[in-house]
Amino acid sequence: MVGLLWAAAAILGAAGLSKLAQPASTVHALKAARIPRPRVLAPTAMVRVAGATELAVAGYVLGWGGSPAAALLAVCYLILTVVAWRMLRVSPGQDCGCFGGSSEPITRWHLLVDIAGLSIGVAATRWPQPSVLDEVTDQGAQGVLLVGLSLLLAWLCYLLMTALPALGNLRAKVADR
């Protein structure tokens, strides 16, 4: 289960880093989905705060592990699940804004990855998992392999959210010819 948790944290951290670096696509996605923002923060500042929070939670999960970190991961994925569901209902096909400048339309695959992240966070809250350093220290080479496989899983989930919908769109264009 620890590898699933780390993969979910890696995806969350990558999305947070992207929101910090390029918040404009997320601002646009939130406007398209008609998601209200607090009056205190400008949209760009709000997205950057959200990105920094996602990055911090990912770092907490990977750096310290345990139930509190997993609970925060679950909360982040709960919010992402609600936003993805709202976007699918209000503005299907809209760029999700999760990963900065690239264009990833919101799809059911995206929603499923968010639900999986939520489920993993909830399960890891019940059954606490170690940090990356603790696992690598305890397991040695097997721990390093686990880290690599977790990163591979994170990459595959990223592709599930981004490349698979793009491939489906290309396939539809070819089929129309």
Side-chain angles (χ1 to χ4, degrees), residues 4-65 68-122 124-125 131-132 147 150-166 169:
L4 298 174
L5 181 69
W6 293 348
I11 294 168
L12 186 69
L17 193 60
S18 295
K19 287 176 186 129
L20 279 172
Q22 297 177 327
S25 62
T26 305
V27 169
H28 182 69
L30 293 175
K31 286 179 183 177
R34 297 190 300 260
I35 295 177
R37 66 173 176 85
R39 299 197 193 310
V40 182
L41 292 174
T44 302
M46 181 184 75
V47 168
R48 284 202 166 116
V49 167
T53 302
E54 290 174 353
L55 191 57
V57 168
Y60 187 31
V61 169
L62 297 171
W64 284 270
L72 288 174
L73 183 89
V75 168
C76 286
Y77 272 105
L78 174 62
I79 293 167
L80 292 171
T81 299
V82 169
V83 170
W85 177 82
R86 170 80 177 171
M87 287 184 75
L88 280 170
R89 302 283 293 164
V90 173
S91 56
Q94 168 67 37
D95 176 19
C96 71
C98 290
F99 299 105
S102 58
S103 179
E104 300 91 19
I106 191 75
T107 64
R108 288 188 179 106
W109 291 109
H110 197 117
L111 182 62
L112 288 174
V113 170
D114 288 340
I115 291 170
L118 170 61
S119 302
I120 291 163
V122 168
T125 301
S131 70
V132 171
V147 170
S150 299
L151 290 173
L152 177 62
L153 178 59
W155 177 251
L156 292 173
C157 287
Y158 169 78
L159 291 176
L160 188 66
M161 290 187 288
T162 59
L164 186 62
N169 289 340

Practice task
May I ask you to decide if W64's main-chain N or O and S131's side chain share a donor-acceptor pair within less than 3.5 Å?
Solution key: no
Exercise for the section: Provide the closest heavy-atom pair for C98 versus S18 in the form atom of the first, atom of the second, distance. Expected result: O-CB, 3.9 Å
Exercise for the section: Rounded to the nearest 0.5 Å, what's the gap from CH2 on W109 to OG1 on T162? Could you check? Expected result: 13.0 Å
Handout entry: Pairwise distance CZ(R34) to CZ(R89) - rounded to 0.5 angstrom
Key = 11.5 Å
Handout entry: Distance (rounded to the nearest 0.5 Å) between R86 CZ and I106 CD1
Key = 13.0 Å
Handout entry: Non-hydrogen atoms of D95 and S25 that approach each other most closely
Key = OD2-CB, 3.7 Å
Handout entry: Student check: side-chain heavy atoms of L112 and T107 closer than 4.5 Å
Key = no
Handout entry: Minimal non-hydrogen separation, A21 against R48, with atom names
Key = O-NH2, 4.3 Å
Exercise for the section: To the nearest 0.5 angstrom, please state how far the CD atom of E54 sits from the CD1 atom of I79. Expected result: 8.5 Å
Handout entry: Minimum heavy-atom distance between C96 and H110, given as atom pair plus value
Key = SG-CE1, 3.4 Å
Handout entry: L80 and L12: CA distance, side-chain angles, deciding distance, side chain to side chain contact (heavy atoms under 4.5 Å, CB included) verdict
Key = CA-CA 10 Å; L80 292 171; L12 186 69; 3.7 Å; yes
Handout entry: Whether F99 and Y158 hold their rings parallel, tilted or perpendicular, with breakpoints at 30° and 60°
Key = perpendicular
Completion exercise
In terms of heavy-atom contacts, L5 and A124 come closest through CD1-CB, 3.8 Å
Exercise for the section: Go through V82 and D114 one step at a time and tell me if the side chain to side chain contact (heavy atoms under 4.5 Å, CB included) criterion holds. Expected result: CA-CA 9 Å; V82 169; D114 288 340; over 6 Å; no
Completion exercise
Between Y77 and the options I120, V57, I11, L72, the side chain to side chain contact (heavy atoms under 4.5 Å, CB included) test singles out I11
Handout entry: Shortest non-hydrogen contact between A69 and V61, atoms and distance
Key = O-CG2, 3.4 Å
